[in-house]
Novice: 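Here it is, the structure, as structure tokens.
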4 protein chains.
Amino acid sequence: MTTHRFIPTIFHNVIGSLPPALRIADGDTVVTETLDAVGYDKDGVKQTSGPNPMNGAIFVEGAEPGDALKVEIISMIPTRATGFTRSVVAANVVDPETVRDLPARDMAIWVIDREALTVRLSEPVAGLENLVLPLAPMIGCFGVAPSLGQAISTATSGEYGGNMDYRLFGPGTTVRFPVATPGALFFLGDCHAVQGDGEIVGTGVETTFEVTVEKKAGLVWPRGETAEDIFTIGNARPLDQALQHATSEMLNWLASDYDLDRTAASHLLGQVVRYDVGNVFDPAYTMACRVAKKWLVRR
Amino acid sequence: MTTHRFIPTIFHNVIGSLPPALRIADGDTVVTETLDAVGYDKDGVKQTSGPNPMNGAIFVEGAEPGDALKVEIISMIPTRATGFTRSVVAANVVDPETVRDLPARDMAIWVIDREALTVRLSEPVAGLENLVLPLAPMIGCFGVAPSLGQAISTATSGEYGGNMDYRLFGPGTTVRFPVATPGALFFLGDCHAVQGDGEIVGTGVETTFEVTVEKKAGLVWPRGETAEDIFTIGNARPLDQALQHATSEMLNWLASDYDLDRTAASHLLGQVVRYDVGNVFDPAYTMACRVAKKWLVRR
Amino acid sequence: MTTHRFIPTIFHNVIGSLPPALRIADGDTVVTETLDAVGYDKDGVKQTSGPNPMNGAIFVEGAEPGDALKVEIISMIPTRATGFTRSVVAANVVDPETVRDLPARDMAIWVIDREALTVRLSEPVAGLENLVLPLAPMIGCFGVAPSLGQAISTATSGEYGGNMDYRLFGPGTTVRFPVATPGALFFLGDCHAVQGDGEIVGTGVETTFEVTVEKKAGLVWPRGETAEDIFTIGNARPLDQALQHATSEMLNWLASDYDLDRTAASHLLGQVVRYDVGNVFDPAYTMACRVAKKWLVRR
Amino acid sequence: MTTHRFIPTIFHNVIGSLPPALRIADGDTVVTETLDAVGYDKDGVKQTSGPNPMNGAIFVEGAEPGDALKVEIISMIPTRATGFTRSVVAANVVDPETVRDLPARDMAIWVIDREALTVRLSEPVAGLENLVLPLAPMIGCFGVAPSLGQAISTATSGEYGGNMDYRLFGPGTTVRFPVATPGALFFLGDCHAVQGDGEIVGTGVETTFEVTVEKKAGLVWPRGETAEDIFTIGNARPLDQALQHATSEMLNWLASDYDLDRTAASHLLGQVVRYDVGNVFDPAYTMACRVAKKWLVRR
């Protein structure tokens, strides 16, 4: 298996059927440096503009519609010493009348300590003088070209992946995307140094990942796997619909890979399911349906 | 402080301005046995019918509108050896077209082992033969009388609490409700042996809790606290609105008790907030906004 | 059939199982004067406070759970020369970021000309100097006691009716409510002089209506009828769910009274249905599903 | 001004930045025949597949980002004697538990009488034997290329237009779209013979329209105009959000073209606004915010 160092010269604000910038074989590994969400590189130079510039398209040989593209996130290392975030929560996560109360949304700078593996605000904020967070890098936006030759803004998300901002998309996690076009056409970018449920410290990140094709995988929505959990992703508004998509996908997964029919799967989910919120800012919200592996027996 | 053993003779399917069945002082402790969600007691005798029969009203001396009623859940012990759940996920948590796929919703019985502190299905289900879950009791439905003399079905929830089915409402958790009527008029019932995010194994439970009045507390929505976390609750549909309520309440809490203004609170939430899903079955859904105490300094 | 002049001395901010203020026979007519939404009477005297004080409960002899209470709105005459409205649209009907833009919500006074049957702003607003609207009175909030002995705030709505603010609830319209408690316990108030979809000019109104009991009617949600249309009401959030309730109720109505099975009803709705928006301000939104009678043959 | 007869040889399932199939001048008129939603032409020959094949892209000289593309729908004439629809309402417009009740979704054929200007089911359905509907053709899916070089499936909709299925998009209506790319790149297709709020009889239609560029128009969402009304369109889920977009756009329109500030516009909308439902089937729902011209004075 080959390891590719992928240095894109063009960045895209969509995920879609665009000319490949890299061609790799099934099983290859890729190392690439992403820009931050508004287009700055590791040296603080603005290479392009937002939203969420993507590295891609990566054409994976052998990937066909109906297959899954399996992406193992091997490592993520910030490429620079700062990240940024918005200074105020988004208007859509508070009560409508509370919006009048919110200060304007500015940028805030965070200092990334790549030795201590921590993150802190660059300028002291009253009450948070001692806030030092552990570095917890993750990919904010990634996925494969959607069906019908579409090219969709990296501000949003769908069955193909996209801007999901889910904190479990970090090193050690494996993600499967439903392939809709030959070669899959994989994109990634908008990596974060750390985030809660819904917001982010974006920065440049060097990401290493391995890509494999799984034939006739039958998934509709992205699926993920960590050492402890399996999870499915739904992207939609309102969150209720995202939850419906993620739950329906989990029912299908439990049936096909764990031999649990609708009733058995319902019993299990009823007692052990966890729902995690990803993005609640962009046009489509993200909900994960998560089950601990300790409750599962793979057939 | 007095400990009351509260043995109700009448159960209610609403939370509201009803005649008190018990009067207690600020700081007293109450021990009471609840029925399951459809009205069966510890001996398997049907005492009343659903939804979610309540023990109450408990009048707490000194509680006035604008105060908070603080409820510390001290212990929860199942009173019988079985619980029940529905055999199939609710139609509203899967995609509309997937509903056609679901089997009918039956009852399933679970065996509660009160020595081993575990729960398992009473009849084997293919693929789940070895599923043994740890007992994790919690209160499904509790709260105080809502404003305006209302009396609201225990099938739903609101600012006053109600049927929230959130798994952190168990022993060791302290919950605060916004008092809307003199004496607060506290109700509880629908206790569960264990549950995931959204579904339940309901059973009879003996619950012990201590009740305290906090004057002029200024909360709008329920607030909770465990050893590790503080959390706020929003009850509404869609989940987006429940999330807005919970986030707005957390912003207020962080301002009043932790001296974090909107900007500081936004920075903190942005990186460390967790959103948990409670009930996604009843007319109002439940979302918790949770922050680990390790990031907080109480002023 | 008797005509009752109902002059309440107590007003309620809930619809629910309260002691009857009037008892009438099946088929009787009632004439009553309502206060405005914040409690002012025809003389501008504040009799009580909001939200939406109700005249009621009216106990209708013979009404039992499972029946429908049929209410024919015969006439509505404003009792005073002014009404009021909020000066700015509600924060929840604009984009979250647009809320920052909105001026504060004040009261505005409208002059009701009861001879010309028109309404205009009492103080000139730039650009609306010549705005004179036809009087179009309607009932903002009415319904029957909900199930389980509930008493629910007149700020919201549900299967029992409530604060729906739908412009077709005016003279000439017949409404059916699902009876949940003996005597039905009918309430009304919050009448409007005119309104668009979603907002209102509230005022005092003398309303005359006739009440009839229809046995075993089998409705779940309110149903209405004008000279031209039949319609069903769903009350919920988001509007999607209100639309689901209203459509499901219409499918049931078309099956039972018009002999149209699911397929025939779908064909008809597909080509001729109209959805109208009622309240989009209160905790539950209101959506009407409407079909013109010219397309229907009553069996 | 030139009239172009546009006979496309390729059809697209996306609206986006694709090579122009026709170039026209500002003010030109276009006559074109569209396929039905699944790709059949006027002779019943399948030319391509769904969803909603588009005629386009039409490049309009002089159109630049920030401008509006004004499209006047001059005439719409069905090109064949049949249309089709689904036989059952969509699962997402009824209550989740009601979905179990619905028959399978088949195709139904409708006969279009182009002399009588009527539509009826080709095979009798019990209860609808005499249903004859007036022909009321409209454009189901049209719009301009979205921003960022996107190409978005014709199954959905957004600020650029798309699959909106709103019954007022018929002859006599003028629509304005926000131009996001040079030449605007206009597409249209999926024309209907008649429809209610939300569903359709799709067929082939010959459509004639005139296209004009309005410089620096400042619109964010589509705007429309009939002889009686002006309206704005919001496309999103849930309907609440579509309503927010449409209302926000209307506030902007009333400010810029009718000199009504937020307060004056609120007063007007409060009493005369009508909300109409378009598509409630596709990923984004459509809501129109409509105001009668008789209440407006153009500055």
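Chain letters run A, B, ... following the sequence lines, proteins first and then strands; every chain starts at 1.
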Novice: Does any heavy atom of chain C fall under 4.5 Å from the side chain of D/T263, the backbone, both, or neither of them?
Specialist: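 Its backbone and side chain both get close to chain C.
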
Novice: Return the orientation label for the D/F231 and D/Y166 ring planes: parallel under 30°, perpendicular over 60°, tilted otherwise.
Specialist: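 Rings of D/F231 and D/Y166: perpendicular, as their planes differ by over 60°.
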
Novice: So which part of C/L121 gets closer than 4.5 Å to some heavy atom of chain D, the side chain, the backbone, both or neither?
Specialist: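 It is the side chain, since no backbone atom gets that close.
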
Novice: What part of C/V297 gets closer than 4.5 Å to chain D, counting heavy atoms only: side chain, backbone, both or neither?
Specialist: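 C/V297 has no heavy atom closer than 4.5 Å to chain D.
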
Novice: Using heavy-atom distances under 4.5 Å, tell me whether D/V132 contacts chain C through its side chain, its backbone, both, or neither.
Specialist: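 Only the backbone of D/V132 comes within 4.5 Å of chain C.
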
Novice: Pick one of side chain, backbone, both or neither for D/L251, based on which atoms fall under 4.5 Å of a heavy atom in chain C.
Specialist: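 When you check distances to chain C, only side chain atoms of D/L251 fall under 4.5 Å.
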
Novice: Is the positively charged end of D/R298 above the ring of D/Y258, judged by distance under 6.0 angstrom from the centroid and angle within 45° of the axis?
Specialist: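 Yes, cation above the ring, under 6.0 Å and within 45°.
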
Novice: Which bit of D/V94 is near chain C, if near means a heavy-atom gap under 4.5 Å: side chain, backbone, both or neither?
Specialist: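 Both backbone and side chain.
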
Novice: Does any heavy atom of chain C fall under 4.5 Å from the side chain of D/L296, the backbone, both, or neither of them?
Specialist: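 For D/L296, neither part sits under 4.5 Å from chain C.
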
Novice: Check each atom of D/M250 against the heavy atoms of chain C and say whether the ones under 4.5 Å are side chain, backbone, both or neither.
Specialist: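 Contact with chain C: none, neither part.
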
Novice: Please flag which part of D/L131 lies under 4.5 Å from any non-hydrogen atom of chain C: side chain, backbone, both or neither.
Specialist: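 For D/L131, the side chain is the part near chain C, not the backbone.
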
Novice: Given that the side chain runs from C-beta out, which part of D/N130 has a heavy atom under 4.5 Å from chain C: side chain, backbone, both or neither?
Specialist: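 Contact with chain C is absent: no heavy atom of D/N130 under 4.5 Å.
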
Novice: Relative to chain C, which segment of D/A126 carries a heavy atom at a distance below 4.5 Å: side chain, backbone, both, or neither?
Specialist: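 For D/A126, the contact with chain C is made by the backbone alone.
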
